[in-house]
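Worksheet: the structure to be examined is printed underneath.
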Amino acid sequence: MPGVCWVFLLVLLFAHICDGFYLPGSYMHTYSTKDTIFAKVNSLTSIETELPFSYYSLPYCKPLGGVKKSAENLGELLMGDQIDNSPYRFRMNVNESLYLCTTSPLNEHEVKLLKQRTRDLYQVNMILDNLPVMRIAKQNGVNIQWTGFPVGYSPPNSNDDYIINHLKFKVLVHEYEGSGVEIIGTGEDGMAVFPKADKKKASGFEIVGFEVVPCSVKYDPKAMTKLHMYDKVSSVNCPLGLDKSQIIRERERISFTYEVEFVKSDIRWPSRWDAYLKMEGARVHWFSILNSLMVITFLAGIVFVIFLRTVRRDLTRYEELDKEAQAQMNEELSGWKLVVGDVFREPDCPKLLCVMIGDGVQIMGMAAVTIVFAAFGFMSPASRGMLLTGMIILYLFLGIVAGYVSVRLWRTLKGTSEGWRSVSWSVACFFPGIVFVILTVLNFILWGSKSTGAIPISLYFVLLSLWFCISVPLTLIGGFIGTRAEAIQYPVRTNQIPREIPARKYPSWLLVLGAGTLPFGTLFIELFFILSSIWLGRFYYVFGFLLIVLLLLIIVCAEVSVVLTYMHLCVEDWRWWWKAFFASGSVSLYVFLYSINYLVFDLQSLSGPVSAILYLGYSMIMAIAIMLSTGTIGFITSFYFVHYLFSSVKID
């Protein structure tokens with residue numbers, strides 16, 4: 001405890017002597033003319049395979065001091081990022097064309113690997129001053145931009161492949177005068193604090209753009225091997241004909257060169273990510289929201305009718321009667337009033353229900369807080385992996401809420417706290433256990449493919465330690481608090497003998513499954529953009545829209561579940577507990593089916609069973625998380641609706 005106090009005092013002291021801290025964005029670096037900057041390289045990625053590989057798994061030039069990995073956060077490691085240093089050197093405002101190295105003659109394995117990576121459309125991802133390299137090309141007169149550049153290319157109607165071995169970089173810089181000016185931003189590696197003294201130093205040039213034109217150039221290896229790294233070479237005009245391009249075949253020696261051009265730009269540093277985050281299809285997002293609002297209005301109308309015209313009318317009429325008339329009316333009751341003695345009867349599998357509700361609260365809390373923070377700009381795309389890291393940390397600490405909710409519900413159902421430890425343990429293990437099993441199976445597949453997307457054994461132990469040391473204790477503490485909280489009292493007594501449920505023309509589960517289409521209608525357009533960002537390597541940064549969609553989804557789930565619960569009670573079906581959960585939770589089935597549809601029609605480039613299994617595995621995790629969170633919203637709303645409904649009925 002004293003150690004914590006000392007840390008707190010040091011933080012306060014540090015905050016006092018500093019001018020302020022930087023929030024969303026990324027710490028601005030300013031460079032003077034001729035300052036040296038080295039680019040970094042991330043994993044090679046492909047939308048065809050979704051299997052990332054290390055940059056240096058191919059015969060590329062290595063830095064003079066050897067390959068050094070950059071420190072990576074938890075999110076980056078889980079996403080398969082592997083950021084290394086590179087030999088690509090830039091000197092601020094110095095335009096130059098330089099030689100890097102010439103490989104030894106390519107052997108059979110290297111040729112096979114290069115050809116395979118070329119035909120699988122692998123991209124090289126390079127980073128300069130925390131900006132990913134961007135490639136701009138024209139198609140049908142329209143500028144199309146990608147992040148990264150290809151390993152090579154295969155001309156149509158040809159069995160030959162050509163490697164990209166010459167890069168023409170264009171670095172956009174903005175001249176910055178920083179004396180006496182405050183900057184507000186975020187450090188790349190987290191929160192950063194800057195003293196006043198640093199303000200005067202913040203003048204010079206800032207990098208606001210990083211573009212590349214990739215080329216394939218055939219060099220004379222005998223002439224090139226006489227050069228040393230960073231010797232000057234002549235500039236190259238791209239593109240070149242196939243006879244002047246570097247073919248990939250055995251015994252070939254490949255020379256790598258690059259040229260750099262610095263261009264002054266009016267783009268200011270806070271706007272440098274705008275080129276990557278251009279929000280295409282804003283009208284589509286608004287259409288999605290308007291569509292959702294129409295669904296909500298329709299459902300709200302139904303709920304309004306239920307409450308004001310049916311429920312309130314019945315209750316008002318009932319309360320105006322004297323006791324004798326009430327007793328007579330009790331014998332003539334119909335609809336939901338008939339199940340008054342069974343409506344709070346313990347459901348099937350009560351422990352599983354409590355566990356799923358607890359996990360659902362935890363997942364929904366994590367999603368809501370993450371999206372709110374992202375919508376307000378606290379999770380910059382410049383901080384790679386921060387979104388996933390933040391989600392994991394939030395999930396771990398929300399274990400206390402999950403434990404509390406599940407154990408309190410358990411006490412309400414059972415009338416006693418006995419067995420709360422088992423419920424808390426189950427909450428701590430249920431969803432993480434499912435994710436762990438799926439990720440382990442996928443990890444064996446990734447290990448077999450030698451992909452950087454495979455989670456290292458050390459990271460497995462880190463994740464297990466975080467779960468066991470943070471999530472499990474907090475869930476147990478939350479469960480203990482739940483035992484001390486007052487159980488929710490039922491407004492009516494439950495009969496000893498359960499009432500027989502009348503036979504129905506059609507099974508109730510059909511209605512439950514059909515109910516999931518309404519929440520899915522609010523979600524599916526945004527789901528397309530989310531899936532595209534995950535699987536097609538596009539930046540997703542319209543969290544404002546996503547926050548609105550989340551709020552609409554919560555409202556629709558609540559309304560759907562209430563309407564369906566009331567419909568079941570009206571036909572004297574008192575087993576509403578699980579139906580209320582799956583009425584809104586069934587949206588996950590449609591999400592998973594839509595993911596399969598996306599795989600078949602939008603990810604046609606995805607090749608091989610390995611890639612498809614990975615895609616379906618991650619989609620399964622997403623669908624289960626959506627089921628638990630949306631089902632929890634529906635169940636909690638329905639529970640309080642039923643509680644309110646029957647609290648107004650005075651039947652002995």
Item to check | Met627 versus Phe582, closest heavy-atom pair with distance | outcome: SD-CE2, 4.0 Å
Checklist entry - For atom OH of Tyr594, is the number of surrounding heavy atoms from other residues, nucleotides or ligands below 6.0 Å larger than 12? => result yes
Checklist entry - For Met622, does the CE atom sit with more than 12 other heavy atoms under 6.0 Å from it, leaving out its own atoms? => result yes
Checklist entry - Between Leu531 and Tyr615, does a side chain to side chain contact (heavy atoms under 4.5 Å, CB included) hold up when you go through it step by step? => result CA-CA 10 Å; Leu531 291 175; Tyr615 175 86; 4.3 Å; yes
Checklist entry - Do Ile477 and Tyr404 come within less than 4.5 Å of each other through their side chains, counting heavy atoms only? => result no
Checklist entry - What's the spacing between Tyr460 OH and Leu439 CG if we round to 0.5 Å? => result 6.0 Å
Item to check | pair His568-Leu564: side-chain heavy atoms closer than 4.5 Å | outcome: yes
Item to check | Shortest non-hydrogen contact between Ala515 and Pro519, atoms and distance | outcome: O-CD, 3.1 Å
Next on the checklist: Looking only at side-chain N and O atoms, does Tyr618 offer a donor or acceptor that is under 3.5 Å from a partner on Ser595?
Outcome noted: no
Next on the checklist: Can you tell me how far apart OG (Ser417) and CZ (Arg408) are? Round to the nearest 0.5 Å.
Outcome noted: 11.5 Å
Item to check | Under 3.5 Å donor-acceptor, Gln362 side chain and Val401 backbone | outcome: no
Item to check | Ser471: which of Leu476, Leu396, Leu398 passes side chain to side chain contact (heavy atoms under 4.5 Å, CB included) | outcome: Leu396
Checklist entry - At their closest point, which heavy atom of Trp410 faces which heavy atom of Glu418, and how far apart are they? => result NE1-O, 2.9 Å
Next on the checklist: Please evaluate residues Val512 and Trp578 with respect to the criterion side chain to side chain contact (heavy atoms under 4.5 Å, CB included), reporting the C-alpha separation (whole Å), side-chain torsions for both, the decisive distance (0.1 Å), and the verdict.
Outcome noted: CA-CA 10 Å; Val512 171; Trp578 282 106; over 6 Å; no
Checklist entry - Passes side chain to side chain contact (heavy atoms under 4.5 Å, CB included), Ile357 versus Phe581? Steps please. => result CA-CA 9 Å; Ile357 296 299; Phe581 181 89; 3.6 Å; yes
Item to check | Exam field: side chain Ser584 to backbone Thr630, donor-acceptor pair closer than 3.5 Å | outcome: yes
Checklist entry - Taking atom CZ of Phe592 as the centre, does the number of heavy atoms from other residues, nucleotides or ligands within less than 6.0 Å exceed 12? => result yes
Next on the checklist: Ignoring hydrogens, what is the shortest heavy-atom contact between Val492 and Phe646? Give both atom names and the distance.
Outcome noted: CG1-O, 3.7 Å
Checklist entry - Judged by atom type as modelled, is there a donor-acceptor pair below 3.5 Å linking the side chain of Tyr590 to the main-chain atoms of Leu518? => result no
Item to check | Exam field: side chain Ser422 to backbone Gly419, donor-acceptor pair closer than 3.5 Å | outcome: no
Checklist entry - Quick one: does Val343's side chain get under 4.5 Å of Leu645's, heavy atoms only? => result no
Checklist entry - Should we say atom CD of Glu346 is surrounded by more than 12 heavy atoms from elsewhere, each under 6.0 Å from it? => result yes
Next on the checklist: Looking at every non-hydrogen atom in both residues, tell me the closest pair between Pro473 and Phe468 and how far apart they are.
Outcome noted: CD-O, 3.1 Å
Name the atoms and distances for all side-chain donor-acceptor pairs under 3.5 Å in residues 635-643, with sequence neighbours left out.
unit_1: Thr637; atom_1: OG1; unit_2: Ile633; atom_2: O; d: 2.7
unit_1: Ser638; atom_1: OG; unit_2: Ser561; atom_2: O; d: 3.3
unit_1: Ser638; atom_1: OG; unit_2: Ser561; atom_2: OG; d: 2.8
unit_1: Ser638; atom_1: OG; unit_2: Thr565; atom_2: OG1; d: 3.0
unit_1: Ser638; atom_1: OG; unit_2: Gly634; atom_2: O; d: 3.0
unit_1: His643; atom_1: NE2; unit_2: Gln489; atom_2: O; d: 2.8

Item to check | Side-chain (Trp577) to main-chain (Asp348) donor-acceptor, under 3.5 angstrom | outcome: no
Item to check | Spatial distance of atom CE (Met364) from atom CG (Asp359) [nearest 0.5 Å] | outcome: 13.0 Å
Checklist entry - Side chain of Arg575, backbone of Pro347: donor and acceptor closer than 3.5 Å? => result no
Donor-acceptor contacts, no H, no angles, side chain residues 428-435, under 3.5 Å, sequence neighbours left out:
none

Item to check | Between CD1 on residue Ile481 and CH2 on residue Trp420, distance to nearest 0.5 Å | outcome: 10.0 Å
Checklist entry - If every non-hydrogen atom of Ser629 is compared with every non-hydrogen atom of Ile363, which pair is closest and at what distance? => result CB-CG2, 4.2 Å
Checklist entry - Can you tell me how far the CG atom of Leu413 sits from the CD1 atom of Ile488, to the nearest 0.5 Å? => result 9.0 Å
Next on the checklist: Quick check for you: to the nearest 0.5 Å, what is the distance between Ile470 atom CD1 and Thr475 atom OG1?
Outcome noted: 11.0 Å
Checklist entry - Would Asn443 and Leu446 count as a side chain to side chain contact (heavy atoms under 4.5 Å, CB included) if you check the C-alpha gap in whole Å, the side-chain angles of each, and the deciding distance to 0.1 Å? => result CA-CA 5 Å; Asn443 222 44; Leu446 289 166; 4.2 Å; yes
